[in-house]
Asker: 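The structure follows.
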Amino acid sequence: MFIALPPPLLQTPRLRLRRFVATDVPALVAMHREPRVRALLVDDQPLDDAAVAAEFVQRLQLWYRTHPGLGLWHAERATPPDPAALAEARAAVAAGELEAAALDWLARPAWRFCGWFNLMPMSGEPEHIELGCRLLPDAWGGGLALEGGEALLAQAFDTLARDEVRAVCHPQHRSVDVVLRTLGFSALGLAPYDGRPAAHYRLDRAAWQAAQGQALRQRRRAAVEALRRHSRSDRGRGEAAASAAHA
């Protein structure tokens with residue numbers, strides 16, 4: 001069955017986001033059969049089950065129609081062409097064996113599923129919207145979460161005219177903490193989320209605008225330093241508690 005893919009909601013140099021459709025169910029299932037993806041989730045659902053994933057995508061179709069600008073979006077990343085194949089094609093064009101138009105087509109990046117990004121009402125606090133993403137392991141560490149997060153925050157504050165955005169993550173998910181602080185979020189502390197303990201964050205319009213005036217590298221350096229200070233503080237409290245217990 002052929003299903004026409006919807007146009008991208010947002011596109012950055014390396015990412016494009018669109019609505020989920022029925023043909024995305026196998027990719028969704030495969031992602032949730034990866035233990036590393038689910039290891040530190042605070043809102044885990046059995047999306048490794050094809051029937052559950054199919055129903056999930058069906059519910060999203062209604063959501064897209066009734067909540068413009070909000071949703072959970074299929075994310076694809078740009079994969080550059082194979083250098084060897086591209087060099088061979090250039091040589092063929094130079095020899096007159098291949099049309100230049102064919103080379104242009106071969107030089108385009110391929111787009112591959114890498115996870116999802118979302119702007120959705122918070123579970124239990126629907127008056128707030130939260131930013132989130134879930135990426136496949138081979139997409140970790142390359143700055144895609146920052147790139148997609150920046151684009152969706154612009155959507156939230158500029159297009160949707162929201163005053164603030166929230167975020168949550170597993171208390172031990174250090175890399176997400178760095179991403180959120182780099183984007184400008186402030187930590188609110190620990191609180192339940194879907195019945196599980198979670199780290200909560202908040203970003204208001206003024207803080208977001210202030211963050212836009214700083215280079216991304218500078219913001220990330222400050223976020224890493226904040227995480228180090230927090231870790232040292234945690235160690236200090238732990239050592240003090242241990243000393244008190246043995247006093």
Side-chain angles (χ1 to χ4, degrees), residues 8-17 40-43 67-73 75 115-135 139-194 196-234 236-237:
L9 169 84
L10 292 171
Q11 185 162 339
T12 70
R14 297 185 300 159
L15 277 173
R16 64 185 184 190
L17 309 182
L40 293 178
L41 297 181
V42 294
D43 57 347
H67 297 79
L70 296 178
L72 189 153
W73 296 286
W116 78 41
F117 283 80
N118 66 272
L119 274 176
M120 292 283 278
M122 287 188 69
S123 176
E125 299 181 69
E127 68 275 16
H128 299 302
I129 62 167
E130 64 172 306
L131 173 74
C133 79
R134 188 170 299 179
L135 299 176
W140 294 354
L144 291 178
L146 277 172
E147 193 168 315
E150 292 258 74
L152 282 179
L153 287 174
Q155 161 104 346
F157 289 115
D158 288 341
T159 306
L160 301 179
R162 304 293 296 215
D163 292 323
E164 70 170 33
V165 177
R166 299 291 183 95
V168 299
C169 72
H170 192 285
Q172 297 176 9
H173 214 318
R174 302 298 192 187
S175 60
V176 174
D177 181 274
V178 169
V179 167
L180 292 174
R181 291 177 187 270
T182 302
L183 290 171
F185 283 85
S186 297
L188 298 177
L190 299 181
Y193 184 87
D194 276 355
R196 303 183 184 188
H200 287 242
Y201 300 80
R202 176 180 180 271
L203 175 64
D204 62 25
R205 179 182 296 277
W208 176 70
Q209 290 173 337
Q212 300 310 295
Q214 294 180 306
L216 189 62
R217 181 177 297 179
Q218 179 183 355
R219 284 188 273 154
R220 191 179 188 284
R221 188 181 301 119
V224 170
E225 180 54 36
L227 178 59
R228 287 174 178 160
R229 288 196 302 268
H230 181 73
S231 297
R232 287 196 295 266
S233 176
D234 282 350
R237 285 195 295 269

Asker: Is the side chain of H128 donor-acceptor paired with the backbone N or O of R166 at a distance under 3.5 Å, no angle test?
Answerer: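 Checking the backbone N and O of R166 against the side chain of H128, no donor-acceptor pair under 3.5 Å is found.
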Asker: Looking at G184 and L203, what are the two nearest heavy atoms and their distance?
Answerer: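 The pair with the smallest heavy-atom distance is O-CD1, 3.2 Å.
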Asker: So how far is it from E130 CD to N118 CG, rounded to the nearest 0.5 Å?
Answerer: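 One gets 6.0 Å once the value is rounded to the nearest 0.5 Å.
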Asker: What distance do R220 atom CZ and Q218 atom CD have between them, rounded to the nearest 0.5 Å?
Answerer: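 It is 14.0 Å, given to the nearest 0.5 Å.
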Asker: Determine the interplanar angle of the W208 and F157 rings, folded into 0 to 90°, and report it as parallel if under 30°, tilted if 30 to 60°, perpendicular if over 60°.
Answerer: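 Plane angle under 30°, so parallel.
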Asker: How long is the straight-line distance from CG of L15 back to CG of L135, given to the nearest 0.5 Å?
Answerer: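 Rounded to the nearest 0.5 Å, the CG-CG separation comes to 8.0 Å.
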Asker: Are R134 and L41 close enough that some pair of their side-chain heavy atoms sits under 4.5 Å apart?
Answerer: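 Answer yes - side chains close enough.
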Asker: Write down the atom of V165, the atom of A156, and the distance for their closest heavy-atom approach.
Answerer: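 Looking at all heavy atoms of both residues, the shortest contact is CG2-CB, 3.7 Å.
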Asker: So which heavy atom on P121 is nearest to which on P126, and how close?
Answerer: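 Looks like CB-O, 3.7 Å.
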Asker: Which heavy atom of Y201 sits nearest to which heavy atom of A187, and what is that distance?
Answerer: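 Minimum heavy-atom contact is CD2-CA, 3.7 Å.
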Asker: Decide side-chain contact (heavy atoms from CB on, under 4.5 Å) for Q155 and L9; before the verdict, give the C-alpha distance in whole Å, the side-chain angles of both, and the deciding distance to 0.1 Å.
Answerer: CA-CA 10 Å; Q155 161 104 346; L9 169 84; 4.3 Å; yes
Asker: Hey, is CZ on R205 packed in by over 12 heavy atoms from elsewhere, all under 6.0 Å?
Answerer: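 Atom CZ in R205 is crowded, with more than 12 foreign heavy atoms closer than 6.0 Å.
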Asker: Rounded to the nearest 0.5 Å, how far apart are CD of E225 and CZ of R181?
Answerer: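 Reported value, rounded in 0.5 Å steps: 11.0 Å.
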Asker: Show your working on side-chain contact (heavy atoms from CB on, under 4.5 Å) between D43 and V168 and close with a plain yes or no.
Answerer: CA-CA 10 Å; D43 57 347; V168 299; over 6 Å; no
Asker: May I ask you to decide if A211's main-chain N or O and R219's side chain share a donor-acceptor pair within less than 3.5 Å?
Answerer: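 Yes; at least one donor-acceptor contact below 3.5 Å.
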Asker: For residues F117 and L10, determine if any side-chain heavy atom of one lies less than 4.5 Å from a side-chain heavy atom of the other.
Answerer: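 They are not in contact (no side-chain heavy atoms under 4.5 Å apart), so the answer is no.
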Asker: Would you say that L70 contacts L160 through its side chain, given a criterion of any heavy-atom pair below 4.5 Å between the two side chains?
Answerer: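 They are in contact (side-chain heavy atoms under 4.5 Å apart), so the answer is yes.
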Asker: Over all heavy atoms of both residues, which pair between H170 and L40 is shortest? Give the atoms and the distance, please.
Answerer: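 Smallest heavy-atom distance, with atoms named: CB-O, 3.1 Å.
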Asker: Is any side-chain heavy atom of L183 closer than 4.5 Å to one of L131?
Answerer: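 Of all side-chain heavy-atom pairs linking L183 with L131, at least one is under 4.5 Å.
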Asker: Can you tell me how far apart CG (D158) and CG (L153) are? Round to the nearest 0.5 Å.
Answerer: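 Reported value, rounded in 0.5 Å steps: 10.0 Å.
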Asker: Below 4.5 Å, heavy atoms only, C-beta onward: do P171 and L190 meet side chain to side chain?
Answerer: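 Of all side-chain heavy-atom pairs linking L190 with P171, at least one is under 4.5 Å.
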Asker: L216 and side-chain contact (heavy atoms from CB on, under 4.5 Å): which single residue from R221, E150, E147 fits?
Answerer: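 Checked R221, E150, E147 against L216; only one passes side-chain contact (heavy atoms from CB on, under 4.5 Å): E150.
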Asker: With rounding to the nearest 0.5 Å, note down the distance linking CZ in F185 to NE2 in H200.
Answerer: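 Answer rounded to 0.5 Å: 13.0 Å.
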Asker: Please give me the minimum heavy-atom distance between G69 and L119, naming the atom from each residue.
Answerer: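 Scanning both residues, the minimum pair turns out to be O-CD1, 4.4 Å.
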